[in-house]
J.: 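Sending over a structure as structure tokens; questions will come in a sec.
First the proteins, then the strands, lettered A, B, ... as listed; each starts at 1.
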There are 2 protein chains.
Amino acid sequence: MLSYTEENYLKALLKLSFQNEDKPEAGTNEMAAHLGVKPATATDMLKKLKEKDLVNYKKYGKILLTESGKQQALVILRKHRLWETFLYEKLDFSWDEVHEVAEQLEHIQSSKLVDKLEEFLGFPEFDPHGDPIPKANGDLPILEKVLLSEVKEGETCQVVAVKDTSTVFLQYLEKLQITIGTPIKVLERIDFDGSMSIQISDQEARNVSMKFAESLFITLHHKICQQK
Amino acid sequence: MLSYTEENYLKALLKLSFQNEDKPEAGTNEMAAHLGVKPATATDMLKKLKEKDLVNYKKYGKILLTESGKQQALVILRKHRLWETFLYEKLDFSWDEVHEVAEQLEHIQSSKLVDKLEEFLGFPEFDPHGDPIPKANGDLPILEKVLLSEVKEGETCQVVAVKDTSTVFLQYLEKLQITIGTPIKVLERIDFDGSMSIQISDQEARNVSMKFAESLFITLHHKICQQK
DNA sequence: TATAAAAGTTAGACTTACCTAACAAATGTT
DNA sequence: AACATTTGTTAGGTAAGTCTAACTTTTATA
Ligand SMILES: [Mn+2]
Ligand SMILES: [Mn+2]
Ligand SMILES: [Mn+2]
Ligand SMILES: [Mn+2]
């Protein structure tokens, strides 16, 4: 059985592997930064995880999850996202509050609990941030999504996920009344600074920055998403 | 903030204080046994908890929670029992499965979570074992309860709690179709060995041992309890 | 290609929570 | 009261997870 800490290292490695899509590897410093520890600490742990055959690791080499490590990491991510969904859907937590608590809940050991929770929630496919919830067998639901910044003038799309999950961003979205499923029409794109004028639902036109447009995932095909 | 382990020591002390009703004190060995550690370990921790002003402790003396320690212990017990109720009511866990998982869930830190969970469950007063759930302010709902072994011949009563929460006992109760709220009529008391003949709901008469009768709490006043 | 910068490792130390073995105090029993 | 038993403490040690400081390897750049 894995310790709380070991689980966090595996999950970090999985998330980094999603980030560096093509090469699902990570470096020691990258890992350490992600976990909020010093590189020396990460090195120690990586040696331990290698012993348990959870990562492929060689001195000064790149770090990669083994198949076993990846499966275990997926279970943790599954738990994290199911709990986030529970907090959001059932306990009225807001978009930006769920993550912190789910960081703790994801370590509760009970496979029955996870599966029953999933059932109780109606087998959701995506968490409150639009991220896919791994299935019990490790499968990840896929959703073709594009950044808002890719959308052409005149096109209408629908919000499906957030790229940035920081509190400031999530609270800004709340203020703009944007949530998963909200339709957005791109009225005008300003080449000068990458900003754009958009219409959120039936609200009045509003300008958003390039940074904003690059932090929001949308789908061009109108898709009915699970809503609150 | 308290560590997972410190919390367990406080909770153990609170539970022992309920057991030794008159004198809510505990001894080092008693504590150690309850927590599954060696007495030396308990001594170490008690010194630490004394430093934090959570327990009153003097060398070779009896151990007592301070007011602050008691309040913190009540919060943990509150979380434990609310989570047990959640697992039982919402996720279809059985009577004997809830405790183990609640042992982990009780350590999740988020006061919002506890209060929202309580609301979600409809402010339950008793957990699946019939034990009172501390309120947010620390109050404990009271229920006058008596052991089944106290009931006189011919009287009808209602199950309100279990004294023994072991898996064997809980599974036996399940087999007998006894749950919180089940009515029981005492048909005959056998003085010889303390056993009794009882009628469970509308079932046929059945004999139960003294040990059994001393493990089940009932109320003589018909009371409508929360049921599954 | 030589050198500087970045990335990664090792050694040694600290804290928490646990242990065993030896000891000390309190309590019970003849 | 003396002794034996139970109860509790101390000393010293271990493992996990963290740190800093010094070192090594790899990579980037002049
Ligand atoms: Mn999250
Ligand atoms: Mn999420
Ligand atoms: Mn319990
Ligand atoms: Mn209980």
J.: Please tabulate the protein-to-nucleotide N/O contacts below 3.5 Å involving nucleotides 4-8 of chain D, giving atom names and distances.
T.:
| residue | atom | partner | partner atom | Å |
| --- | --- | --- | --- | --- |
| D:dG8 | OP1 | B:Thr28 | N | 3.3 |
| D:dG8 | OP2 | B:Thr28 | N | 3.4 |
| D:dG8 | OP2 | B:Asn29 | N | 2.8 |
| D:dG8 | OP2 | B:Asn29 | OD1 | 3.4 |

J.: Search all heavy atoms of A:Val101 against all heavy atoms of A:Leu87 and return the closest pair with its distance.
T.: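 So the two residues come closest at CB-CD1, 3.8 Å.
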J.: Are OP1 or OP2 of C:dG8 and a side-chain N or O of A:Lys38 less than 4.0 angstrom apart?
T.: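 Answer is no, no contact under 4.0 Å.
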J.: Check the distance between C:dT9's C1' and A:Leu46's CG and give it to me in whole angstrom.
T.: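 Atom CG in A:Leu46 sits about 11 Å away from atom C1' in C:dT9.
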J.: Taking CG from A:Asn8 and C1' from D:dA16, how many angstroms apart are they, rounded to a whole number?
T.: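 Interatomic distance, CG of A:Asn8 to C1' of D:dA16: 14 Å.
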J.: A:Lys47 side chain N/O closer than 4.0 Å to the phosphate oxygens (OP1, OP2) of C:dT9?
T.: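 Result: no.
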J.: Testing the basics here: between A:Ala12 and A:His34, what is the closest heavy-atom pair and its distance to 0.1 Å?
T.: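 Scanning both residues, the minimum pair turns out to be CB-ND1, 3.6 Å.
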J.: According to the interplanar angle, ranging from 0 to 90°, do the rings of A:Phe86 and B:Phe120 count as parallel (below 30°), tilted (30 to 60°) or perpendicular (above 60°)?
T.: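 Perpendicular: the ring planes of A:Phe86 and B:Phe120 meet at over 60°.
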J.: Using the test ring pair (Phe, Tyr, Trp, His ring centres under 6.0 Å), find all partners of B:Tyr57 that sit at least two apart in sequence or belong to another chain.
T.: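 Applying ring pair (Phe, Tyr, Trp, His ring centres under 6.0 Å) to B:Tyr57 gives none.
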J.: Applying ring pair (Phe, Tyr, Trp, His ring centres under 6.0 Å), name anything that partners A:Tyr60, two or more places apart in sequence or on another chain.
T.: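 Partners of A:Tyr60 by the ring pair (Phe, Tyr, Trp, His ring centres under 6.0 Å) criterion come out as none, since no residue qualifies.
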J.: One thing to verify: whether B:Glu125 and B:Lys135 come together as a salt bridge, which I'm taking to mean a side-chain N less than 4.0 angstrom from a carboxylate O.
T.: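 Salt bridge flag = yes for B:Glu125 with B:Lys135.
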J.: In whole Å, what is the span from the CE atom of A:Met1 to the P atom of D:dA15?
T.: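 The distance from CE of A:Met1 to P of D:dA15 comes to 21 Å, rounded to the nearest Å.
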J.: NA contact type, B:Tyr4, heavy-atom cut-off 4.0 Å: base, sugar-phosphate, or nothing?
T.: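 B:Tyr4: no heavy atom of the nucleic acid under 4.0 Å.
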J.: At 4.0 Å (heavy atoms only), tell me whether B:Ala40 reaches a base, stays on the sugar-phosphate, or touches nothing.
T.: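 Base, at least one base heavy atom under 4.0 Å.
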J.: Of the non-hydrogen atoms in A:Pro24 and A:Leu64, which two are nearest, and what is the gap between them?
T.: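 Heavy-atom minimum between the residues: O-CD1, 2.9 Å.
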J.: Just how far, in rounded Å, is C1' of D:dA16 from CG of A:Leu49?
T.: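 Rounded to the whole Å, the gap is 13 Å.
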J.: Would you kindly give the CG-to-P distance between B:Leu2 and C:dT16, to the nearest whole Å?
T.: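 That distance rounds to 13 Å.
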J.: Roughly, in whole Å, what's the span from CG in B:Asp44 to P in D:dA11?
T.: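 It works out to 11 Å between those atoms.
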J.: Could you give the NZ-to-P distance, from A:Lys50 to C:dT9, as a whole number of Å?
T.: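 Between P of C:dT9 and NZ of A:Lys50: 12 Å.
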J.: Heavy atoms under 4.0 Å, any strand shown: does A:Thr41 hit a base, just sugar-phosphate, or nothing?
T.: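 Base contact - A:Thr41 has a heavy atom under 4.0 Å of at least one base atom.
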